[in-house]
Amino acid sequence: QETATKPNVIILATGGTIAGAGASAANSATYTAAKVGIDQLIAGVPELSQLANVRGEQVMQIASESITNDNLLQLGRRVAELADSKDVDGIVITHGTDTLEETAYFLNLVEKTDKPIVVVGSMRPGTAMSADGMLNLYNAVAVAGSKEARGKGVLVTMNDEIQSGRDVSKMMNIKTEAFKSPWGPLGMVVEGKSYWFRLPAKRHTMDSEFDIKNIKSLPNVGIAYSYGNVDDTAYKALAQSGAKAIIHVGTGNGSVSSRVVPTLQALRKDGVQIIRSSHVNNGGFVLRNAEQPDDKNDWVVAHDLNPQKARILAMVALTKTQDSKELQRMFWEY
Ligand SMILES: NC(=O)CC[C@H](N)C(=O)O
């Protein structure tokens, strides 16, 4: 029943394991993602109605490894429309966990609202023993409906933690404690109540210079992974396929093999932006002019952003500028 005192929370469903179904309760890892519709998901957690007036909308029904830039834009535009509505107090997005961190960071950059936006998934399908989706969704609605969550950027609620959508990453599959941030969670949500401990320091949402309403399309940005004995095949192929920027997934401090350096210098001269990130576990901590002379090569560093998050920021940034110095500024600020 609708009441004036409860917040209005919209759940936008996109698929993933939180909407997954397996053959038996023992199937925690073997199942089909994106099977269950949003109305059924909401009906499965009647306690949601104690937290908020909840309404669901099926935006897509996919496993998140298959998300496209067009899907991202479609979701981003719908979030912006709803955030503009005075009948909406908070937005929850159910999402597959594989690319959840990318979508959360994208929305964190482009949504001009201080209303809570919470992205949530699960590691086990609803049909499994000890399924985690119900509680994760309950926590997401609790946070999205709370006043304290306003203005804190896009959030992710998994495993009782409130994480910043900018920082959080799927660090482990299978485990329900899959999502971690190198800088720690922002808070906890327990029995529908949130407990906050820190705030994001980077620019986001209201304070961002990017706006989904001004983004018509996203440019082609590719990722090339580095390792011992790497050659330049992948970098050249990405450039040939029209990449405007290449995220170099370097070793350690985003270092670049001497076998690849001349190609990356040449690609930059041809107009391709080269952005150095790292493949160390948490995304690393890549500093300018350490390991490689970025000033001389006119390259950019991704700093603490992992490669997939660096790709998101590069795409969004390139809708505004083609200048590598501006790009670098954005990589420090977001
Ligand atoms: N745990 C999950 O959500 C993974 C399922 C699927 N690969 C997806 O990302 O949608």
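Values reported hereafter were calculated over all heavy atoms of this structure, with side chains retained and with hydrogens, waters and symmetry mates removed. Please read all numbers here as calculations on a predicted model, not as lab measurements. When a ligand or atom number is given, it counts from 1 through the structure's own listing order.
Contact atoms of ligand 1 toward G16: 10 (O) (distance under 4.0 Å to a heavy atom of the residue). Taking every heavy atom of E65 and a limit of under 4.0 angstrom, the matching atoms of ligand 1 come to 6 (C), 7 (N), 8 (C), 9 (O), 10 (O).
Each of V59, T113, V154, I93 was evaluated against V79; a single residue qualifies, I93, per the side-chain contact (heavy atoms from CB on, under 4.5 Å) test. Here the options are K112, K320, R203, the test is salt bridge (charged side-chain N to carboxylate O under 4.0 Å, His left out), and the partner is E209; only R203 passes. The side-chain hydrogen bond (donor to acceptor under 3.5 Å, both in side chains) test with S324 is passed by exactly one of D294, N297, D298: D298. Put simply, the residue from T205, I312, T319, I212 that forms a side-chain contact (heavy atoms from CB on, under 4.5 Å) with V110 is I212.
At a heavy-atom cutoff of 4.0 Å, ligand 1 is contacted by the backbone of S122 but not by its side chain.
When only interatomic distances are considered, the shortest N/O to N/O separation between H95 and ligand 1 does not fall below 3.5 Å.
Defined by atom type and a distance below 3.5 Å, a donor-acceptor pair is present between the side-chain atoms of N289 and D295. Side-chain contact check for T157 and N139: no donor-acceptor pair (N or O, by modelled atom type) lies under 3.5 Å.
Protein heavy atom nearest atom 9 (O) of ligand 1, with residue, atom name and distance: S64 OG, 2.6 Å. When only non-hydrogen protein atoms are considered, atom 5 (C) of ligand 1 lies nearest to T17 OG1, 2.9 Å. Remark: minimum distance from atom 1 (N) of ligand 1 to any protein heavy atom is reached at T97 OG1, 2.6 Å.
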